[in-house]
Colleague: 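Quick one: the structure is below, and I'll ask about it shortly.
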Amino acid sequence: MSSVIVIGGGLAGLATAAALGKAGFQVDLFEARGFLGGRATSYPLSGSEEAPEIIDNCQHVLLRCCVNLMDFYRRLGVADRIKFYKEFYFIEPGGRTSVLRAGSLPAPLHFAGSFWKLHSLSLPDKYAIARGLLAIRSERERRTDLDRITMLDWLREKRQPEAAIRRFWKQVLVSAVNEDLDRMAARHGFQVFWQGFLARPNFYEMGVPSVPLGDLYASESWKRVGNVRLHLRAPVDRVIVEDGAVRGVVADGERHAADYYVSALPFERVLAVISELDLDLTGFEHSPITGIHLWFDRSLTQLPHATLLDRTIQWMFNKSGGRYLQVVISASRSLLEMNRADVIALAVRELAEFIPRVSEAKLEKAHVVKEVRATFSAQPGLEQKRPPSATKFPNFFVAGDWTRSGWPATMEGAVRSGYLAAEAVMKAAGGAEKFLLPDIS
């Protein structure tokens, strides 16, 4: 049995381990922290409570087009813990709500009925958006400049009205890609709308975990996979390179060796453990996400989630009967220097504009999570710099949502990178098994 060491227990490392463990490799996964999931995890909220609340570091969602992420969940036996929703709720300041859902028409016309009824968009805005969506369908395979221009450049080229950009394109894409339209390569915007909204009638459906994220990677799930040993609180300090190949890693002062190695570390950390890799990471930057957890003294809404228009806050998720709401702000650079109290005050003040009952409620507690290094910034010109799985060393491979996964920095992109790294290990070991599921579009 060939052996593999995986460095990093985020989704990319977990996907690598799950694929190779099931394929018969002996996998040892080393994670620096005491829990799995990386940026997609949960932890107990510190405080004086005997049974502290378990919260996700930030709300993570997926769409049905995330076929590899769902495959990973199936490998762990937790796919049934993802609840899918068929409606998107758009709320304007003042509380007026519009619903986007698929109808009976075939793709790409499946949204026609509910789209034309959206109160939040004017008729000219809707016609312009429809033209833009048709342009994505016709241009996605023939244009060669989509990694050189921003999504905003493309929207202006298509003469999209400002209200349409603000209330539709921006509202969907900033959350999906975690970057502002004027910093986001157009190729990523195209991919989100093609995969999620145009290719299949049900691909837009949004999946939300019904359990804390950390429960998805619990130790009992790994018994289904087999051949995977998890080493928590075991940071890898150094990768040992000798005679043109990797010969081991040093974790907690001890040397560990395997036949093959996969680094699933973030881009800002990988060269610190193996400087010999010679990766060109110039141009790689982070884009932050802020999650604001709010507990009130009463139920405020029965909506499971909603996208909130024209304000700083972008999404609301109902976590427990309308009393515990989580607000999410993607590409949240404006909040990084803001103190905790001001962030909470901003969220509550703006939330009251969408849900008037907030003004009458008492805020019992709040928690702010600023993920400063949430994702890489999907800027124009970066795609060709994203490295493939294989490296200059024949037995060392890289994974992570920042590598060349074919997707933006999403949970699906992370799992895809893990599966691609697993395939590269399999090829190096003389096998031919494939793990990556193709996009169904």
Side-chain angles (χ1 to χ4, degrees), residues 6 8-19 29 31 35-43 55-85 172-179 188 191-192 195-196 203-218 221 264-267 286-289 291 305 315 317 326 328 330-331 369 371 373-378 386 399-422 435-440:
V6 176
L11 280 176
L14 296 179
T16 306
L29 184 145
E31 166 55 42
F35 51 85
L36 300 173
R39 291 158 287 164
T41 194
S42 54
Y43 52 85
I55 66 169
D56 295 336
N57 61 336
C58 186
Q59 182 63 65
H60 285 69
V61 302
L62 61 144
L63 302 181
R64 280 208 187 272
C65 60
C66 297
V67 293
N68 288 281
L69 180 59
M70 285 304 298
D71 178 75
F72 169 67
Y73 288 148
R74 282 190 289 270
R75 288 177 182 271
L76 297 185
V78 297
D80 61 341
R81 300 179 191 178
I82 308 299
K83 183 176 181 179
F84 282 91
Y85 295 88
V172 173
L173 290 175
V174 172
S175 298
V177 183
N178 190 38
E179 190 51 277
H188 297 301
Q191 186 169 25
V192 168
Q195 292 286 343
F203 268 20
Y204 76 98
E205 294 177 10
M206 183 168 66
V208 180
S210 60
V211 298
L213 286 167
D215 289 0
L216 298 176
Y217 330 116
S221 298
L265 296 174
F267 69 83
H286 293 100
S287 186
I289 295 176
H305 51 77
W315 278 88
F317 293 90
Q326 185 179 163
V328 178
S330 299
V369 180
E371 286 281 359
R373 296 176 172 178
T375 67
F376 73 85
S377 174
R386 296 172 71 180
D401 60 9
W402 56 279
T403 63
R404 197 173 300 172
S405 71
W407 270 59
T410 60
M411 292 193 293
E412 171 74 4
V415 171
R416 286 175 62 93
S417 77
Y419 282 180
L420 288 168
F435 306 107
L436 186 71
L437 300 179
D439 293 329
I440 308 173

Colleague: Side-chain contact test, heavy atoms from C-beta onward, threshold under 4.5 Å: evaluate it for Asp71 versus Phe435 and give yes or no.
Modeller: no
Colleague: Please name all residues satisfying side chain to side chain contact (heavy atoms under 4.5 Å, CB included) with Ala421, sequence neighbours left out, ordered by chain then number.
Modeller: Thr16, Val262, Ser389, Ala399
Colleague: Enumerate donor-acceptor pairs with a distance under 3.5 Å from any side-chain N or O in residues 60-67 to protein atoms, sequence neighbours excluded.
Modeller:
unit_1	atom_1	unit_2	atom_2	d
His60	ND1	Cys58	O	2.7
His60	NE2	Arg39	O	3.2
Arg64	NE	Glu205	OE1	2.5
Arg64	NH2	Glu205	OE1	3.4

Colleague: Which heavy atom of Ala79 sits nearest to which heavy atom of Met70, and what is that distance?
Modeller: CB-CE, 3.9 Å
Colleague: What residues, two or more places apart in sequence or in another chain, satisfy side chain to side chain contact (heavy atoms under 4.5 Å, CB included) together with Val78?
Modeller: Tyr73, Leu76, Arg81, Leu216, Ser221
Colleague: Exactly one of Asp439, Asp401, Thr403 should register a side chain to side chain donor-acceptor pair (under 3.5 Å) with Arg416. Which one does?
Modeller: Asp439
Colleague: Would you say that Val369 contacts Gln326 through its side chain, given a criterion of any heavy-atom pair below 4.5 Å between the two side chains?
Modeller: no
Colleague: Taking only residues two or more places apart in sequence, or in another chain, which ones meet Glu412 in a side-chain hydrogen bond (donor to acceptor under 3.5 Å, both in side chains)?
Modeller: Asn68
Colleague: Sequence neighbours left out, what passes side chain to side chain contact (heavy atoms under 4.5 Å, CB included) with Arg386? Give chain and number order.
Modeller: His188, Phe284, Phe376, Glu383, Arg404, Ser405
Colleague: Which residues pass the side chain to side chain contact (heavy atoms under 4.5 Å, CB included) test with His305, sequence neighbours left out?
Modeller: Tyr85, Tyr89, Met206, Trp315, Phe317
Colleague: Any side-chain heavy atom of Leu213 within less than 4.5 Å of one from Asn57?
Modeller: yes
Colleague: Answer whether the closest heavy-atom distance between the side chains of Thr410 and Thr375 falls below 4.5 Å.
Modeller: no
Colleague: Any side-chain heavy atom of Trp402 within less than 4.5 Å of one from His286?
Modeller: no
